[in-house]
Asks: 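Below are the structure tokens for one structure; questions will follow.
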Amino acid sequence: MIYVDPTTGYLRYLGKHGEDVFDSEAAALNYITDGSRILSKSTTYAKAVLGYAALGSYALLLVATQLSATVPNLPGGGCIYTVAESQWIKIQLQNPQPQGNGELKNIRELTDLDIDGKYYFCETRDITRPFPSRMTLREPDEEFVWNGWLSKPFEDIGLPGGPGHCVILLQGFAECRNFGGTGQQGGSVALIARRSRLHPGTRYLARGINACSGTGNEVECEQLVWAPQKGGQRVPFSSYIWRRGTIPIWWGAEIKNAVSVEAEIYVADDPYNGSLQYYQRLSRRYGKKSSEVNSARQKKP
């Protein structure tokens, strides 16, 4: 059980049995309601905790109320869940600090964020890196973690991301299909798309490279193919990875005519500032055997 300070919104967890650690859900509810369910104003049952933030007048808890097992059995074990339905739980704080219209607008936009069907996670293994990752669940690649700041309040009280705490949320797509016919060995194919958080944005804003050495709306895609085996047997699999993003130099586009949406391309005076860091990051992720082809269509003179 985690306590929310009614004034500051800070989370509190001591790990003491009988105070915030209980043997069952019923025992925890009995403790906080003093045996009377009438004191419980509302109850929300969630499948996973996605994040928490104390902003202005409210403490905001983001939970997944419905999940879809879109990749139910990864080779060697593990399941990827896609958030099917989510909910923001608002907790009114006491004596809140006054906020301006801009801050209130930012809070509304945060709670209006479209999450359902666009984010996924795995509770048992690291999926922020190409399969199979040698890193533990608690050592994700931050480039693909989209709820890092929302999970920090749990880390601050000693509850890192993982089973039972705030999950590690990725943005993109993860689904699996089975194939095979009569007389043939069946198999499974999964497509996992991870969107980088280094340079996201709309079409005309996220272009080229930025100060984080990230390219606009870059997505890493991975295709996994494997043949399910009986228990205890090794699972043969293949993995194919590709990335899609804008050209890794400083460039952008400005709309010249709002009616025809005609855009003018511009390139910075030092277009390759950060390009080396971009390729170095890819080299660390994929090793020396990786290669990249980045092509752009050009008009012939």
Side-chain angles (χ1 to χ4, degrees), residues 2-13 41-44 46 48-66 83-121 142-157 159 161 166-172 195-212 214-218 246 250 252-264 266 268:
I2 300 174
Y3 176 78
V4 178
D5 187 283
T7 301
T8 64
Y10 291 158
L11 300 182
R12 192 181 75 182
Y13 175 78
K41 296 181 179 180
S42 65
T43 302
T44 301
V49 176
L50 307 182
Y52 174 85
L55 303 172
S57 304
Y58 293 96
L60 303 172
L61 177 66
L62 177 60
V63 297
T65 54
Q66 293 294 332
V83 178
E85 294 181 11
S86 61
Q87 179 181 343
W88 286 96
I89 300 174
K90 294 184 178 181
I91 304 171
Q92 179 74 52
L93 299 178
Q94 301 173 6
N95 303 319
Q97 295 295 320
Q99 290 183 294
N101 293 331
E103 293 175 317
L104 294 174
K105 177 177 178 292
N106 291 337
I107 294 174
R108 286 195 300 269
E109 290 180 350
L110 174 64
T111 55
D112 289 341
L113 182 66
D114 189 9
I115 295 174
D116 302 350
K118 298 175 176 63
Y119 292 83
Y120 61 90
F121 64 90
E142 298 295 337
E143 179 181 354
F144 298 96
V145 179
W146 280 77
N147 64 333
W149 73 278
L150 285 171
S151 65
K152 192 176 185 305
F154 297 96
E155 297 177 4
D156 291 342
I157 59 173
L159 295 175
C166 188
V167 300
I168 296 169
L169 206 59
L170 291 83
Q171 187 186 103
R195 187 185 183 195
S196 170
R197 67 175 184 85
L198 296 182
H199 193 4
T202 56
R203 179 180 179 185
Y204 287 103
L205 294 180
R207 295 283 194 176
I209 205 167
N210 66 356
C212 297
T215 60
N217 293 314
E218 188 160 39
T246 59
W250 284 88
E254 293 182 350
I255 299 178
K256 296 174 59 179
N257 190 330
V259 177
S260 62
V261 199
E262 181 181 357
E264 179 179 353
Y266 65 90

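Along the sequence shown, residues carry numbers from 1.
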Asks: Nearest 0.5 Å, what's the CD1-CZ distance between I168 and F121?
Replies: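 Answer for the CD1-CZ pair, I168 versus F121, is 11.0 Å.
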
Asks: Can you check side-chain contact (heavy atoms from CB on, under 4.5 Å) on L169 and V83, steps first, answer last?
Replies: CA-CA 9 Å; L169 206 59; V83 178; 4.2 Å; yes

Asks: Quick check: are there more than 12 heavy atoms from other residues, nucleotides or ligands sitting under 6.0 Å from CG of D114?
Replies: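 Counting neighbours around CG of D114, more than 12 heavy atoms of other residues, nucleotides or ligands fall under 6.0 Å, so yes.
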
Asks: Is the count of non-hydrogen atoms from other residues, nucleotides or ligands lying under 6.0 Å from Y10 atom OH greater than 12?
Replies: no

Asks: Quick one: pull up CG in L55 and CG in L60 and give me the separation to the nearest 0.5 Å.
Replies: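 The CG atom of L60 is 5.5 Å from CG of L55, to the nearest 0.5 Å.
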
Asks: Kindly indicate, with the supporting measurements, whether the criterion side-chain contact (heavy atoms from CB on, under 4.5 Å) is fulfilled by L113 and Y119.
Replies: CA-CA 12 Å; L113 182 66; Y119 292 83; 4.2 Å; yes

Asks: Under the criterion side-chain contact (heavy atoms from CB on, under 4.5 Å), I'd like the reasoning laid out for Y13 against L159: C-alpha separation, chi angles, the key distance, then a yes or no.
Replies: CA-CA 9 Å; Y13 175 78; L159 295 175; 3.9 Å; yes

Asks: To the nearest 0.5 angstrom, please state how far the CZ atom of R207 sits from the OG1 atom of T202.
Replies: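 One finds 9.5 Å between CZ of R207 and OG1 of T202.
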
Asks: Would you give the length of the straight line joining atom CH2 of W146 to atom CD1 of I115, rounded to the nearest 0.5 angstrom?
Replies: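 Rounded to the nearest 0.5 Å, the CH2-CD1 separation comes out at 11.5 Å.
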
Asks: Measuring from L170:CG to R197:CZ, what's the distance to the nearest 0.5 Å?
Replies: 11.0 Å

Asks: What distance do R12 atom CZ and D5 atom CG have between them, rounded to the nearest 0.5 Å?
Replies: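 Rounded to the nearest 0.5 Å, the CZ-CG separation comes to 8.0 Å.
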
Asks: Step by step, would you call H199 with T215 a side-chain contact (heavy atoms from CB on, under 4.5 Å)?
Replies: CA-CA 6 Å; H199 193 4; T215 60; 5.5 Å; no

